[in-house]
There are 2 protein chains.
Amino acid sequence: MWKSSRPLYKQVANRIREDIVSNGTEGGEAIPTEAKLAQMYDVSRVTVRRAVKLLAEEGLVYSVHGSGTYVSEKKIEHDIYKLQGFTEEMSGLHNNPSNEILEFQLTSPDDAVRDYLKLRDDQKVYYVKRLRIADGQPLILEESYLPYDLFPDLSVNVMKESKYEYIEQKGYMINRRHADLRPILPSGELMELLHLEESAPMLCLEAYSTLSDGTPFEYSTVYYHPVKYTFKFVSEK
Amino acid sequence: MWKSSRPLYKQVANRIREDIVSNGTEGGEAIPTEAKLAQMYDVSRVTVRRAVKLLAEEGLVYSVHGSGTYVSEKKIEHDIYKLQGFTEEMSGLHNNPSNEILEFQLTSPDDAVRDYLKLRDDQKVYYVKRLRIADGQPLILEESYLPYDLFPDLSVNVMKESKYEYIEQKGYMINRRHADLRPILPSGELMELLHLEESAPMLCLEAYSTLSDGTPFEYSTVYYHPVKYTFKFVSEK
DNA sequence: TTACAATACAACTTTAATACAAATTTTAAA
DNA sequence: TTTAAAATTTGTATTAAAGTTGTATTGTAA
């Protein structure tokens, strides 16, 4: 039944792969348990495990201890840390980046922000307004609101560096970022800060981010330089 | 030929999601209580809670302690990571979608289009200009170029229905879409077609799509109604 | 020696069942 | 109208059983 020319676990891996495709198993769906696979292909569970491990290393499936083995979702590799770095890279302008902190204050949030961050009335937030600069040119204006209770030791120096790096160093697990992208016409202040000559339409991103337990930890509005930034992205089915 | 299924709580989440859509539950309306959902789907309340938590993380619903779980207010959102056609998107929102074909002709592409679609000089393309309408309101203007060689039997009727459905019915596998999103001010023609009163900035998407073998099969420019359409990212870590 | 099989057990997840706490909404009483 | 109690609903915790993956050990055949 089994050729001995190739390692058995590789043959099994190939059969599992074929079956996943031919059955049209969708992303997120579970494949049979290791015990069942062993029975189906008439091999030992050890061999099945080696085969599954191969497929997992390929990225086709992933195993969850105690739960099962699932077919991977075909997702865009989107690094939440680098949404801004992503666009900078696209424009080829990631030279000598820096952050200029325009405002940094502890304040009471307005209702909209309080709502997004799910805060009680007495909770305060940091309001940070910073200009992101590359090659001496202002490219991005960012306004962020961060709950004081989550980041009691937030400082200007932190915001000059990587915000997300700081958050993860504190042991928080970043989970999702919900963002809305919309076109706007720049205000006078915005034109001044980004050194805009003409009032060309530009992109504005409104986002709130959550930790793995669902707690919102940031609400931010980001304004992108109209000429130097277009959003490029690749979506896969 | 195996039974493969998602975890129970994911199935429940999907059923709840479907029921919200099929029942036409409006934003702000409550969904059944966890106890009722558990009874309806014949699962435990724990499972229902996990499912609801999933939907809450997605942003579809939100729960209020002691009160209930409610459907989030929703604009028409365009999830750009889901490579989804307009028809499918709208049918998910039960908005009675339709397409009005403004132009349909076989022509020789200009150099830019020929370059994107990797065509020889003698190859021709369909040029289709269509207005996409939901609930009687024009929402999207799309200009597409499709190679004649790939779709020799393309017709106006096809373009009145779902383009991507047609492509997949022909046995092609859609793979990627490379897109570039940028803000513009609408032209006079655009304002007229989309029934815009004021010259508000709007979004324009330029994209080319490829099949799984890498063949480009479409180049298109899409203009989105500025008020009714927002672009939504959900990035996960 | 190496690859595979067989077995046993550990660690973890899922689901269920139950009880109670906390917040909101409804109802009833004053 | 105001206040207080009751009912409803979501949030949290615990326990338990069954199922699945992870790990280790030993045996077997080429």
Side-chain angles (χ1 to χ4, degrees), chain A residues 1-16 20 25 28-72 114-115 118-123 173 210-216, chain B residues 2-16 20 25 28-58 60-72:
Chain A
M1 179 165 191
W2 294 104
K3 300 178 191 174
S4 56
S5 57
R6 287 188 176 181
L8 184 54
Y9 72 96
K10 285 192 179 178
Q11 301 179 42
V12 173
N14 285 332
R15 287 200 54 177
I16 295 175
I20 288 175
T25 312
E29 275 187 85
I31 69 174
T33 66
E34 292 173 356
K36 283 179 187 169
L37 287 172
Q39 202 177 3
M40 287 167 60
Y41 301 130
D42 195 31
V43 294
S44 78
R45 208 188 127 208
V46 183
T47 306
V48 167
R49 282 187 59 74
R50 288 196 66 179
V52 169
K53 193 183 175 190
L54 256 190
L55 299 178
E57 283 169 359
E58 279 179 25
L60 179 64
V61 301
Y62 62 94
S63 296
V64 181
H65 189 178
S67 174
T69 300
Y70 304 89
V71 177
S72 302
R114 203 200 317 277
D115 201 43
K118 292 180 183 165
L119 298 177
R120 298 188 310 272
D121 285 1
D122 61 321
Q123 289 181 292
M173 288 271 289
T210 58
L211 302 175
S212 49
D213 64 353
T215 312
Chain B
W2 62 35
K3 65 167 184 181
S4 61
S5 63
R6 292 181 164 77
L8 184 55
Y9 71 96
K10 285 190 180 178
Q11 297 180 42
V12 172
N14 286 333
R15 290 192 58 179
I16 295 175
I20 288 175
T25 313
E29 270 188 82
I31 68 174
T33 66
E34 292 172 356
K36 281 180 187 168
L37 287 172
Q39 202 177 3
M40 286 166 60
Y41 301 131
D42 196 29
V43 296
S44 78
R45 205 186 131 208
V46 182
T47 306
V48 168
R49 282 186 61 73
R50 285 198 67 176
V52 169
K53 193 183 175 192
L54 256 190
L55 298 178
E57 282 175 5
E58 279 179 23
L60 179 63
V61 301
Y62 62 94
S63 297
V64 180
H65 189 177
S67 174
T69 301
Y70 305 89
V71 177
S72 303

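Below, read A as the first sequence line, B as the second, and so on, with proteins coming before strands; counting in each chain starts at 1.
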Using the side chain to side chain donor-acceptor pair (under 3.5 Å) criterion, which residues pair with B/Thr33? Sequence neighbours excluded.
none
Could you pull out all residues at least two apart from B/Tyr9 that satisfy ring pair (Phe, Tyr, Trp, His ring centres under 6.0 Å)?
none
Could you identify which residues of residues 28-41 of chain B place a heavy atom less than 4.0 Å from some atom of DNA chain D, listed by residue number, or say none?
B/Thr33, B/Glu34
Could I get the full list of ring pair (Phe, Tyr, Trp, His ring centres under 6.0 Å) partners for B/Tyr70, not counting sequence neighbours?
B/Tyr62
Looking at B/Leu55, B/Ile16, B/Leu54, which hits side chain to side chain contact (heavy atoms under 4.5 Å, CB included) with B/Leu60?
B/Leu55
Counterpart residues, salt bridge (charged side-chain N to carboxylate O under 4.0 Å, His left out), relative to B/Glu29 (two or more places apart)
none
What is the distance, to the nearest angstrom, from the OH atom on B/Tyr62 to the C1' atom on D/dT9?
15 Å
Atom pair CG/OG1 of A/Asp42 and A/Thr47 - distance to nearest 0.5 Å
10.5 Å
Minimum heavy-atom distance B/Arg6-A/Gly28, with the two atoms named
CG-O, 3.9 Å
side-chain contact (heavy atoms from CB on, under 4.5 Å) involving B/Thr69 - partner list, sequence neighbours excluded
B/Ile31, B/Val52, B/Val61, B/Ser63
Residues which pass side-chain contact (heavy atoms from CB on, under 4.5 Å) with B/Gln39, listed by chain and number, not counting sequence neighbours:
none
Are B/Thr69 and D/dT9 close enough that a side-chain N or O sits under 4.0 Å from OP1 or OP2?
no
For B/Val12 and B/Ala51 the tightest heavy-atom approach is CG1-CB, 3.7 Å
Integer-rounded Å distance: C/dC4 C1' and A/Asp42 CG:
13 Å
Roughly how far, to the nearest 0.5 Å, is CD1 of A/Ile20 from OG of A/Ser72?
9.0 Å
Produce the list of close N/O pairs, under 3.5 Å, pairing protein atoms with atoms of nucleotides 18-24 of chain C; give distances to one decimal.
{"from": "C/dA22", "atom 1": "N3", "to": "B/His65", "atom 2": "NE2", "distance (Å)": "3.0"}

So which of residues 47-61 of chain A are in contact with DNA chain D, with a heavy-atom cut-off of under 4.0 Å?
A/Arg49
Contacts of type side-chain contact (heavy atoms from CB on, under 4.5 Å), residue A/Lys53, not counting sequence neighbours:
A/Glu57
Closest to the side chain of B/Val43, out of D/dG22, C/dA16, C/dA5, is C/dA16
Each base of DNA chain C marked ( ) or [ ] if paired in-strand (Watson-Crick or G-U under 3.5 Å), | if paired to another strand and . if unpaired gives ||||||||||||||||||||||||||||||
How many whole angstroms separate atom NZ of B/Lys10 from atom P of C/dT15?
10 Å
Listed partners of A/Arg49 passing salt bridge (charged side-chain N to carboxylate O under 4.0 Å, His left out), at least two apart
A/Glu34
